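Here the structure comes first, spelled out in structure tokens, and everything after it is commentary.
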Amino acid sequence: FLGVVVTMLCLLQSTSGLNCSSLSVDQPCYEVHNCDVSKLPTLVIEQLSSGAAHGKSTAEATLCYNDNGVSLRVTANQQMFYPKQNAFDSCNDAVFNADVVEFFMTSPAVSVDGGIPENNLHCYNELDVNPANAIFESGIVNPNLNHTGVQNVLIPCGTSGISHLTAVDGNSWKMSMDVPYSVLDHPAGCPSKSLVSEASMKSKVGRVYRGNLYRINELTGTTTCSSSLCEYLAWSATGCTPPAFHEPTKFGYFI
């Protein structure tokens with residue numbers, strides 16, 4: 001992080017010397033600041049996840065870090081429809097089947113001499129929150145680096161230390177989520193061996209994450225979304241038709 005959709009993240013960027021302009025990568029990059037900064041840079045989610053065009057709706061997000069973890073704030077605009085009864089209203093319900101914001105992020109790696117770090121893209125967190133403030137929290141094991149063979153390793157409800165809150169206001173809704181490093185750096189079901197040194201884990205210097213932010217927006221009332229009934233948006237396009245989010249090679253960079 002600067003001192004995290006798809007994304008690299010580097011803590012205390014000014015100390016590590018790494019920034020988005022120094023990276024030569026095809027995916028988007030976002031520089032993560034300390035949460036004490038008065039005005040954080042905005043990350044915009046406006047393109048269809050396929051990358052074919054902009055969507056009918058948008059979302060804006062900020063991500064910052066502190067001593068405990070990261071804080072994500074999202075405003076989802078142009079909300080088309082709010083279901084009167086959302087079937088997904090409890091922890092670890094399949095909230096990804098309807099209106100939702102989804103946050104995917106790998107464990108950290110370290111940039112060596114300003115180079116592009118090699119994150120473990122086979123393993124990452126999936127943290128989803130819907131307008132009803134129901135969360136899906138899971139580690140993901142992705143053996144094929146695409147949307148086939150994906151394995152969910154659910155985090156038992158109430159044990160992660162993640163806090164989240166939503167508020168609905170007309171045709172927009174807001175979501176805030178605070179994720180501790182204990183979850184961020186160690187996705188459930190992933191190898192325990194870290195890609196960063198113990199010293200770097202403690203100092204947060206030079207750590208880089210890959211990830212993505214997604215939004216699903218219902219265009220009409222439905223119990224389960226599909227590409228004809230809902231809009232699938234991504235910060236870093238996955239290039240998949242029909243929509244598929246589990247494409248870690250398309251993850252962006254959080255620095």
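Heavy-atom basis, side chains included; hydrogens, waters and symmetry copies ignored. None of these values were measured; they are calculated from a predicted model.
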Side chain to side chain donor-acceptor pair (under 3.5 Å) with [X]: which residues, sequence neighbours excluded?
| X | value |
| --- | --- |
| Asn68 | none |
| Asn217 | Ser57, Gln79 |
| Thr220 | none |
| Ser163 | Asp178 |

Would you name the heavy atoms of [X] and [Y] that are closest together and state the gap between them?
| X | Y | result |
| --- | --- | --- |
| Ala132 | Thr166 | C-OG1, 4.1 Å |
| Pro143 | His122 | O-CE1, 3.2 Å |
| Tyr30 | Pro41 | OH-O, 2.6 Å |
| Cys240 | Ser50 | O-CB, 3.6 Å |
| Asn119 | Pro108 | ND2-C, 3.9 Å |

### Message
side chain to side chain contact (heavy atoms under 4.5 Å, CB included), that's the test. Do Leu48 and Glu231 meet it? Break it down for me.
### Response
CA-CA 7 Å; Leu48 298 176; Glu231 187 169 65; 3.7 Å; yes
Approximate separation, where rounding is to 0.5 Å, of [X] [atom1] and [Y] [atom2]:
| X | Y | atom1 | atom2 | result |
| --- | --- | --- | --- | --- |
| Phe104 | Arg210 | CZ | CZ | 14.0 Å |
| Arg215 | Asp128 | CZ | CG | 14.0 Å |
| Asn130 | Ile135 | CG | CD1 | 10.0 Å |
| Met80 | Asn171 | CE | CG | 9.0 Å |
| Glu60 | Lys174 | CD | NZ | 10.0 Å |
| Leu165 | Arg73 | CG | CZ | 9.0 Å |

Give every donor-acceptor pair under 3.5 Å between a side-chain atom in residues 152-161 and any protein atom, sequence neighbours left out.
from   : atom 1 : to     : atom 2 : distance (Å)
Thr159 : OG1    : Pro156 : O      : 2.6
Ser160 : OG     : Glu137 : OE1    : 2.7
Ser160 : OG     : Ile162 : N      : 3.1

So, using side chain to side chain contact (heavy atoms under 4.5 Å, CB included) as the criterion, who are the partners of [X] when residues are at least two apart?
| X | value |
| --- | --- |
| Ser226 | Ser228, Leu229 |
| Pro248 | Leu121, Tyr124, Asn142, Leu145, Phe251 |
| Asn125 | Leu127, Val183, Pro187 |
| Thr58 | Glu46, Asn77, Gln78 |

### Task
Scan residues 138-166 for pairs that pass ring-ring contact (aromatic ring centres under 6.0 Å, His included), counting only residues two or more places apart or in two chains.
none
#### Entry: Any donor-acceptor N/O pair, Asn19 side chain to Ser22 backbone, under 3.5 Å
yes
### Query
Centroid-to-centroid, Tyr232 to Tyr214, below 6.0 Å?
no
### Query
Are His186 and Tyr181 close enough that their ring centres sit under 6.0 Å apart?
no
### Query
Taking only residues two or more places apart in sequence or in another chain, which ones pass salt bridge (charged side-chain N to carboxylate O under 4.0 Å, His left out) with Asp93?
none
### Task
With side chain to side chain contact (heavy atoms under 4.5 Å, CB included) as the test, would you mind laying out the steps for Val37 and Cys35 before giving the verdict?
CA-CA 5 Å; Val37 172; Cys35 293; over 6 Å; no
#### Entry: Check against side chain to side chain contact (heavy atoms under 4.5 Å, CB included), Phe136 and Glu102
CA-CA 9 Å; Phe136 176 85; Glu102 304 189 18; over 6 Å; no
With a 4.5 Å heavy-atom cut-off, do [X] and [Y] have their side chains touching?
| X | Y | answer |
| --- | --- | --- |
| Val129 | Met177 | yes |
| Phe245 | Ile216 | yes |
| Val179 | Leu72 | no |
| Tyr209 | Val32 | no |
| Thr42 | Val44 | yes |

### Message
According to a hydrophobic-cluster definition based on side-chain heavy atoms being under 4.5 Å apart (Ile, Leu, Val, Met, Phe, Trp, Tyr only), do Val141 and Leu184 belong together?
### Response
no
### side chain to side chain contact (heavy atoms under 4.5 Å, CB included) assessment of Thr106 paired with Asn120
CA-CA 7 Å; Thr106 68; Asn120 180 8; over 6 Å; no
### Message
For Cys225, give me all partners under disulfide (SG to SG under 2.5 Å), at least two apart in sequence or on another chain.
### Response
Cys230
